[in-house]
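These notes concern the structure reproduced below.
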Amino acid sequence: MTIKRILARFRTWQRNPFGYENHSPGTTRCQNCGTEFADNYCPRCGQAASTKRLSWQSIREGVMNMWGAGNRSMPYSLLQLLGRPGNFIYDYLSGKRQVSYPPFRMLFIVAVIALFFENILPSSEAVESGADAARFVFLDKTFDWFADNPGWGMIFLCGIFILPTWVVFRFAPRYPKHTLPEGFFIQVFMGTLALLTSLLCALLDEDMVFWLIVVYYFVAYLQLFGYRVWGTLWRLVVTFISGLGILVFLIFSIEIIIKKGSTSLNHSLRAELFALALLSVLNCVLLYVSYKIGKRGWLRRSINGQQEEPMESEVEALTPGRSSKNSE
């Protein structure tokens, strides 16, 4: 098999790896409610048609389900997230909820595992001097809190990208006009992926963490929103810059309040406040320009009749109101 064919099969798997076939031979009577049916699961109570007497296999399945490795298993969902991040998130947002382990639970389980390995692996970080460490009180406390709470910390770090992603990718070709709650779920998945990437890099090479996370963000946004390579790249750069600006604004605003809140409005404080105000204005201008560019592209695709990808028809049955809503 040639490399080209292997890559073609991998791309096909990325688009749609799920197959829902009826494996139940003939009609089955549900052992729980007595309903007769011809499918994998009972339509009344949901019990599997393959339910049999308890055995050693039942014990294994029970243990695996307890640790999230049974139906909608967490390892399977993590494999999907690593191999096809944007398409996997797209499937979940489009209504295919049964293909994924519950995202919040998955995030915190991965966070606990990452915290465990972080505590047992040797750290190469040098301890800063007391003078430098005391310069930014709130910033130091924030880093300590992130280290003690990686799950919540990753939600916060990825959460700063919710608003920039919503603005910059508002008029995306494949998944247009996504909502802020959907943006929150997008960042929950990306937070899980970032934690998993950090864990893998901690075991292999810590210097690769940042760049691998950036690459995964690019691949996920490329698959999820449907822009071309350069369109996704510059929008992702804008999203990162805007998210970083929001983070800097929040942290240093609280830092100013803590350190200078009880003092008079001296020259140093006025300069810092002016810098934060200028940062906010530039951030808003950057987001506004990106929003207008995206809207112009949306109108152009509407005129040319290229609003949706062919794959959009695959989820039309799951979300029948979406296509009519987008056409309005």
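No hydrogens, no waters, no symmetry mates; every other heavy atom, side chains included, goes into these values.
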Subject >> For the student: nearest non-hydrogen atoms of Leu287 and Val167, plus distance >> reply: O-CG1, 3.5 Å
Subject >> Geometric cation-pi criterion Arg105 and Tyr101, 6.0 Å radius, 45° cone >> reply: yes
**OP:** Can you measure from CZ (Phe185) to CD1 (Ile162) and round to the nearest 0.5 angstrom?
**Re:** 10.5 Å
Original post:
When rounded to the nearest 0.5 angstrom, what distance separates CD1 in Ile89 from CG in Leu81?
Top reply: 6.0 Å
Original post:
Closest heavy-atom contact between Pro176 and Pro173?
Top reply: CD-O, 4.1 Å
Original post:
Do Phe88 and Phe189 have their ring centres less than 6.0 Å from each other?
Top reply: yes
Subject >> Test item: Leu78 and Leu196 side chains (from C-beta on) under 4.5 Å apart, heavy atoms >> reply: yes
**OP:** Measure the CG-CE distance between Leu193 and Met106 for me, rounded to the nearest 0.5 Å.
**Re:** 9.5 Å
**OP:** Report the C-alpha separation of Tyr76 and Ser100 in whole Å, then their side-chain angles, then the decisive distance to 0.1 Å, and conclude whether the side chain to side chain contact (heavy atoms under 4.5 Å, CB included) test is met.
**Re:** CA-CA 8 Å; Tyr76 178 76; Ser100 171; over 6 Å; no
Subject >> Student check: side-chain heavy atoms of Thr192 and Pro103 closer than 4.5 Å >> reply: no
Original post:
Taking 4.0 angstrom as the limit, do Arg84 and Asp91 come out as a salt bridge?
Top reply: yes
Original post:
Under a 4.5 Å cut-off applied to non-hydrogen side-chain atoms, are Cys33 and Gln47 in contact?
Top reply: no
**OP:** Dump the intermediate steps for side chain to side chain contact (heavy atoms under 4.5 Å, CB included) on Leu222 and Tyr227, then the final yes or no.
**Re:** CA-CA 6 Å; Leu222 180 69; Tyr227 284 110; 5.7 Å; no
Original post:
Just how far is it from atom CZ of Phe184 to atom SG of Cys158, taken to the nearest 0.5 Å?
Top reply: 10.0 Å
Subject >> Phe161 side chain near Ile186 side chain, heavy-atom distance below 4.5 Å >> reply: no
Original post:
Is Ile246 close to Pro164 at the side-chain level, that is, under 4.5 Å between some pair of heavy atoms?
Top reply: yes
**OP:** Answer with yes or no whether the hydrophobic clustering places Leu79 together with Tyr92; edges join I, L, V, M, F, W, Y residues whose side-chain heavy atoms lie under 4.5 Å apart.
**Re:** no
Subject >> Heavy-atom side-chain contact between Asn87 and Gln80 under 4.5 Å >> reply: no
Subject >> Arg296 side chain vs Lys292 backbone, donor-acceptor pair below 3.5 Å >> reply: no
Original post:
Any side-chain heavy atom of Leu224 sitting closer than 4.5 Å to one from Arg174?
Top reply: no
**OP:** Evaluate side chain to side chain contact (heavy atoms under 4.5 Å, CB included) for Arg235 paired with Ile293, printing each intermediate quantity in order.
**Re:** CA-CA 10 Å; Arg235 287 177 173 86; Ile293 293 175; 4.2 Å; yes
Subject >> Lys295 NZ to Ser302 OG distance, which is reported to the nearest 0.5 Å >> reply: 11.0 Å
**OP:** Kindly compute the distance separating CD1 (Ile213) from OG1 (Thr197), expressed to the nearest 0.5 Å.
**Re:** 5.5 Å
**OP:** Measure the shortest side-chain to side-chain distance between Arg44 and Cys30 over non-hydrogen atoms and say whether it is less than 4.5 angstrom.
**Re:** no
Original post:
Side chain of Gln223, backbone of Ala220: donor and acceptor closer than 3.5 Å?
Top reply: no
**OP:** Determine the minimum heavy-atom distance between Val219 and Pro85, stating which atoms define it.
**Re:** CG1-CG, 4.0 Å
Subject >> Residues Thr239 and Tyr221: side-chain donor-acceptor under 3.5 angstrom >> reply: no
**OP:** Would you please name every residue forming a side chain to side chain donor-acceptor pair (under 3.5 Å) with Ser242, sequence neighbours left out?
**Re:** Asn283
**OP:** Could you please spell out the steps behind the side chain to side chain contact (heavy atoms under 4.5 Å, CB included) verdict for Thr27 and Phe37?
**Re:** CA-CA 5 Å; Thr27 302; Phe37 60 98; over 6 Å; no
Subject >> Minimum-distance pair of heavy atoms, taken over all atoms of Cys42 and Thr35 >> reply: SG-CB, 4.0 Å
Original post:
Which pair of heavy atoms, one from Val238 and one from Ser290, lies closest together, and at what distance?
Top reply: CG1-OG, 3.3 Å
Original post:
Phe225 and ring pair (Phe, Tyr, Trp, His ring centres under 6.0 Å): which partner among Phe169, Phe171, Phe218, Trp298?
Top reply: Phe169
**OP:** Give a yes or no answer on whether the side chain of Arg170 reaches the backbone of His178 with a donor-acceptor pair at less than 3.5 Å.
**Re:** yes
**OP:** List in chain and number order the residues that pass salt bridge (Lys or Arg N to Asp or Glu O under 4.0 Å) with Arg29, two or more places apart in sequence or in another chain; answer none if no residue qualifies.
**Re:** Glu36
Original post:
Near Trp211 CH2, under 6.0 Å, is it more than 12 heavy atoms from other residues, nucleotides or ligands?
Top reply: no
**OP:** Verify, without hydrogens or angle tests, whether Tyr216 (side chain) and Leu82 (backbone) share a donor-acceptor contact under 3.5 angstrom.
**Re:** yes
**OP:** For Tyr217, enumerate each residue passing the side chain to side chain donor-acceptor pair (under 3.5 Å) test, keeping only those at least two apart in sequence or located in another chain.
**Re:** Gln187
**OP:** Is it possible for you to say whether Val168 and Tyr288 belong to one hydrophobic cluster, with membership spreading through side-chain heavy-atom contacts below 4.5 Å?
**Re:** no
Subject >> Closest contact, heavy atoms only, Leu236 versus Val214 >> reply: CD2-O, 4.2 Å
